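Let me begin by presenting the structure, written as structure tokens, before commenting on it.
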Amino acid sequence: EATELYGAYTGYAVTFYTLPATLTSALAATLVPIVAGAAAKGKEGLPKIRKTAAAVLRMTLLIVLPCAFGFGLLPGPLLSLLFSRASDVAIAAPLLRLLAPAVVFTALSSVTTSALQAMGVMRAPIISFAAGGLVKIVANFVLIGTPWINIHGAPLGTLACYFVISVVNLIILRRRIGKFAEFGRVVLVPAVCALAATLAARGIYTFLLRWFTSRLALAAGVGAAGLLYFVFLLSAGIIRKEDMRILPKFRHKTEEI
């Protein structure tokens, strides 16, 4: 039974949990040369560091927030897209739901670590990851060992781990460069837009499930939600052309517009 639970967690839930990281890793890598170049200028480069860090942080959250809400509200249907074994999907669905918030903090830890390293602050990320690792070890030992929590303690430990890393990194980064991001524009508004789009996806999926298979209903719901999410972000003024210039692939195109 323990082997089955562990297999469903690592093979199913963790597989989906790591997918958003493949999308945000490019943003974290893009941050390094820009921040490093600005940091070499000393205090004169601080405004550029703040602007770049805020833009990359916002774009990262724009990607991971809808993923997190999707994992939280539609874990079973999403897992069923790739896996056909219903018993394992049933086990993994609540685990993926618990991992959903960790998606956000994992991305934040990656971006903030890249920013700190680009500024030459090497010791701080090591300390934050050590603290997060210690929290995860303790949380896993206590929670998984508690019978009524069991395997659900694993995603909770992961969440606690990356929450600690993100908070420590953000505190250190703010002390180094000052305030660089507005909570409403960077976190609150994108979160509301992502939640609204995900709720729409869930409603469409539930409605279409009466006539179509689960995969077709989910595909229609996710497609509609993606379009709604983009419209919401444009209406709220969250997506800007200047943000796209940070990405090398889009910089040349946006300069032509």
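Values in this document were obtained by computation on a predicted structure and should not be read as measured data.
Annotation for Leu78 and Gly70: closest pair CD1-O, 3.4 Å, computed over non-hydrogen atoms. Nearest approach of Ala160 to Val135, heavy atoms of both residues: CB-CG1, 3.7 Å. Counting all heavy atoms, side chain and backbone alike, Ala92 lies closest to Ala8 at CB-O, 3.6 Å. Scanning both residues, Ser166 and Leu108, for their nearest heavy atoms gives OG-CB, 3.6 Å. Across Arg215 and Leu81, no two heavy atoms sit closer than the pair NH2-O, 3.5 Å. The two atoms that bring Gly132 and Val164 nearest to each other are N-CG1, 4.1 Å, heavy atoms only.
Val103 and Leu98 end up in different hydrophobic clusters when Ile, Leu, Val, Met, Phe, Trp and Tyr side chains are linked at under 4.5 Å. One hydrophobic cluster, built from ILVMFWY side chains closer than 4.5 Å, cannot hold both Ile144 and Leu96; they sit in different ones. In the hydrophobic cluster analysis, where Ile, Leu, Val, Met, Phe, Trp and Tyr join through side-chain heavy atoms closer than 4.5 angstrom, Ile171 is grouped together with Leu116. Cluster annotation: Leu65 and Leu188 are assigned to the same hydrophobic cluster (Ile/Leu/Val/Met/Phe/Trp/Tyr, side-chain heavy-atom contacts under 4.5 Å, transitive). No single ILVMFWY cluster, assembled from side-chain heavy atoms under 4.5 Å apart, contains both Ile165 and Ile127.
Taking a 4.5 Å side-chain heavy-atom cut-off between Ile, Leu, Val, Met, Phe, Trp and Tyr, the cluster of Phe212 extends to Ile204, Phe207, Leu208, Trp211, Leu216. Hydrophobic cluster membership for Leu228: Phe232 (Ile, Leu, Val, Met, Phe, Trp, Tyr linked by side-chain heavy atoms under 4.5 Å, directly or transitively).
Put simply, the side chain of Phe163 does not reach to within 4.5 Å of the side chain of Pro101, judged on heavy atoms. Side-chain atoms of Leu218 and Leu209, non-hydrogen and from C-beta on, never get closer than 4.5 Å to each other. Looking at Tyr205 and Ser214, their side chains come closer than 4.5 Å, going by heavy atoms from C-beta outward.
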task: List the steps and the verdict of side chain to side chain donor-acceptor pair (under 3.5 Å) for Thr113 and Asn169.
output: CA-CA 7 Å; Thr113 296; Asn169 281 355; 3.0 Å; yes

Item to check | Working for side-chain contact (heavy atoms from CB on, under 4.5 Å), residues Phe69 and Leu199 | outcome: CA-CA 9 Å; Phe69 283 119; Leu199 289 173; over 6 Å; no

Q.
Between Leu82 and Leu79, does the side-chain contact (heavy atoms from CB on, under 4.5 Å) criterion hold? Intermediate values first, please.
A. CA-CA 6 Å; Leu82 296 182; Leu79 288 168; over 6 Å; no

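Side-chain N or O atoms of Ser110 include none that pairs as donor or acceptor with a backbone N or O of Ala107 at under 3.5 Å. Distance alone, capped at 3.5 Å, places no donor-acceptor pair between the Tyr12 side chain and the Ala93 backbone.
Thr15 OG1 to Tyr9 OH: the interatomic distance, rounded to the nearest 0.5 Å, is 11.0 Å. To the nearest 0.5 Å, atom CD of residue Glu4 and atom CD1 of residue Ile151 are 11.0 Å apart. For the atom pair Ile172 CD1 and Thr112 OG1, the distance stands at 9.0 Å (nearest 0.5 Å). Atom SG in Cys193 sits 12.0 Å away from atom CZ in Phe230 (nearest 0.5 Å).
Annotation: side-chain hydrogen bond (donor to acceptor under 3.5 Å, both in side chains) contacts involving residues 136-153, sequence neighbours excluded, comprise Lys136-Thr158.
Within a 6.0 Å sphere centred on CZ of Arg97, heavy atoms belonging to other residues, nucleotides or ligands number more than 12.
Taking the six-membered ring where tryptophan is involved, the planes of Phe71 and Phe16 are perpendicular, since the angle between them exceeds 60° and thus also 30°.
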